[in-house]
J.: 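Quick one: structure below, then a few questions.
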2 protein chains.
Amino acid sequence: MPGLFYCLGCLIMARKTKAEAAATRETLLDAAEDMFIEHGVARTSLNQIACHAGMTRGAVYWHFKNKADLFHAMLQRVRLPFEDLLEALDDPTLDQKPLEAVRLACLSGFSHLEQPRYRRVHSILLHHCETFGDIDPLSMQNEMSEDTCSALLKYFSMAAKLNQLRSCLDPDTAAQIMQAMLGGLFHDWLRNHEHYSIYREGARLIGTQLALMQQSP
Amino acid sequence: MPGLFYCLGCLIMARKTKAEAAATRETLLDAAEDMFIEHGVARTSLNQIACHAGMTRGAVYWHFKNKADLFHAMLQRVRLPFEDLLEALDDPTLDQKPLEAVRLACLSGFSHLEQPRYRRVHSILLHHCETFGDIDPLSMQNEMSEDTCSALLKYFSMAAKLNQLRSCLDPDTAAQIMQAMLGGLFHDWLRNHEHYSIYREGARLIGTQLALMQQSP
DNA sequence: TTTTTTACATTCAAAAGTGTATGGATAACG
DNA sequence: CGTTATCCATACACTTTTGAATGTAAAAAA
């Protein structure tokens, strides 16, 4: 346990190695997640974060410029789930089955979301922070929505061309309906993730919805 | 202009009539809505609210116990939209057309939401406040979701009994899908209400979705 | 090895916000 | 018409939080 000893009755924490310093940075971000979820972003002070991590504000101000900088670092530890969702859509074997591609992309997104760190950070973004500093969670949500909707539109258009979409359903409307469903599921599950698995329930709902949208052969 | 004059170089505001006092209370609540939407609930001080209303904190502390009390009063100026939605479902002429009842209930909810005060307060609840005092917006959202879902389930069950629901779709799943859609639409529109009308777009999407769910005769 | 930089803890000053106490003119009431 | 309670502004004490300054022992560099 290097660098830990007493000096004049006061506990002195000496310099850490680079690896140790990086670890304390992660510890601080973990502690910030905890406090943000429990008390909200605005109502947790940097001192609360430092204490919960077993340190003082000195550590926080060394690793981060201020609270907004720490918040930004916390966000950058996770990638947005819908990017993964879009990634999974790039499967060449699904070119002839666009609705199946949408289904698998949703499943991929759900499974990413169930990882604790992803879930916690997105819960903070959606439910535990107001507009804060240079970070506007609403515009971030809007970006996610637009990305999702445009990707969905692309695949629903393919489905329409392949005559796999019900004739009464145009691709735009299909994409909007699906995007609203995904957003609703997302918000709902983040509010009470301990009650059910978004992977299981989401898969079931998305599956039946896609079946409703599909042109019966 | 009663009760307004100068005294020793300092502007003195004398006692108002009861009607005037009630008006300043409303003015304070309006100002609070403005500031909450612009800066978030946690990051607006009572002084900012008072200044934006053209008064001082004295007025705020006279009409409200503290910030949480003011927030609660702001919420009580609007009723929750899904209560109206449930209200509209109580139409006896629709007993034989439960899916149509659901559609009309959604329309009723949408039209209520487009009233500025409803929209603003719900926008604050969903997007501009963290858990605050004795008010937990997440549990309020959960209550709204559960109420909506149980009402939807009731009517989708009726539809199933009347053989108006597609056979591949059980009432529970139908209610969950519809509730996710409504929640997604709700969040989406509150994020950028200036871009479209939830009444028009919502009506269109809900209509096609219900058509997808309906058993073709 | 010597010097410099790092990785924090501690301390301090300043600002902001809250709650309360006080004052004061007048509307409301008897 | 006199009294009282009201409606709000002002002033004060207190707490909380922030950002910066300082100290320091060891890691890292020279």
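What you see is a predicted model; the values in this text were computed from it and never measured. Throughout, protein chains are lettered first and strands after them, A, B, ... in sequence-line order, and every chain is numbered starting at 1.
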J.: Want to settle it: does B/R57 or B/A19 sit nearer the 5' end of DNA chain C, counting the closest nucleotide to each?
T.: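 Nearest nucleotide further toward 5': that of B/R57.
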
J.: Is a salt bridge present between B/R77 and B/D30, judged by a nitrogen-to-oxygen distance below 4.0 Å?
T.: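 Result for this pair is yes, salt bridge flagged.
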
J.: Hey, what's the ring geometry for A/H112 with A/Y118, parallel, tilted or perpendicular (30° and 60° as the breaks)?
T.: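 Because their plane-to-plane angle lies in the 30° to 60° range, the rings of A/H112 and A/Y118 count as tilted.
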
J.: Can you give me the closest heavy-atom contact between A/K67 and A/T44, atom names plus distance?
T.: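 Closest heavy-atom pair between A/K67 and A/T44: NZ-O, 2.9 Å.
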
J.: Rounded to whole angstroms, how far apart are CE on A/M35 and C1' on D/dT17?
T.: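 Computing the A/M35:CE to D/dT17:C1' distance gives 14 Å.
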
J.: Do you know the tightest heavy-atom contact between B/F71 and B/I124?
T.: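 Nearest pair, atom of B/F71 first, then B/I124: CE1-CG2, 4.1 Å.
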
J.: Kindly list each side-chain donor-acceptor pair under 3.5 angstrom involving residues 35-43 of chain B, sequence neighbours excluded, with atom names and distances?
T.:
none

J.: Could you pull out the protein-nucleic contacts involving nucleotides 15-17 of chain C (nitrogen or oxygen on both sides, under 3.5 Å)?
T.:
none

J.: Could you give the CG-to-C1' distance, from B/L28 to D/dA9, as a whole number of Å?
T.: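 To the nearest whole Å, that distance equals 13 Å.
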
J.: Search all heavy atoms of A/A50 against all heavy atoms of A/V60 and return the closest pair with its distance.
T.: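 So the minimum-distance heavy-atom pair works out to CB-CG2, 3.9 Å.
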
J.: Testing the basics here: between A/M144 and A/T148, what is the closest heavy-atom pair and its distance to 0.1 Å?
T.: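 Heavy atoms only, the tightest pair is O-OG1, 2.7 Å.
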
J.: Answer yes or no: does a side-chain N or O of A/T24 lie under 4.0 Å from OP1 or OP2 of C/dC8?
T.: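 For A/T24, the contact criterion (side-chain N or O under 4.0 Å from OP1 or OP2 of C/dC8) is met.
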
J.: If you take any heavy atom closer than 4.0 Å to DNA chain D, which residues from residues 60-77 of chain B end up in contact?
T.: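 Under 4.0 Å from DNA chain D: B/W62, B/H63.
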
J.: Go through D/dA27, D/dT10, C/dC8 for me and flag the one nearest to the B/T56 side chain.
T.: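 Nearest to the side chain of B/T56 among the choices is D/dT10.
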
J.: Return the value, rounded to whole Å, for the distance between atom NZ of A/K18 and atom C1' of D/dA28.
T.: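 Roughly 9 Å, once rounded to whole Å.
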
J.: Roughly how far, to the nearest 0.5 Å, is CD of B/Q176 from CG of B/D170?
T.: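 Here the rounded value is 8.0 Å.
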
J.: Expressed in angstrom and rounded to an integer, what is the separation of A/H39 atom NE2 from D/dT17 atom C1'?
T.: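 Whole-Å distance recorded here is 16 Å.
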
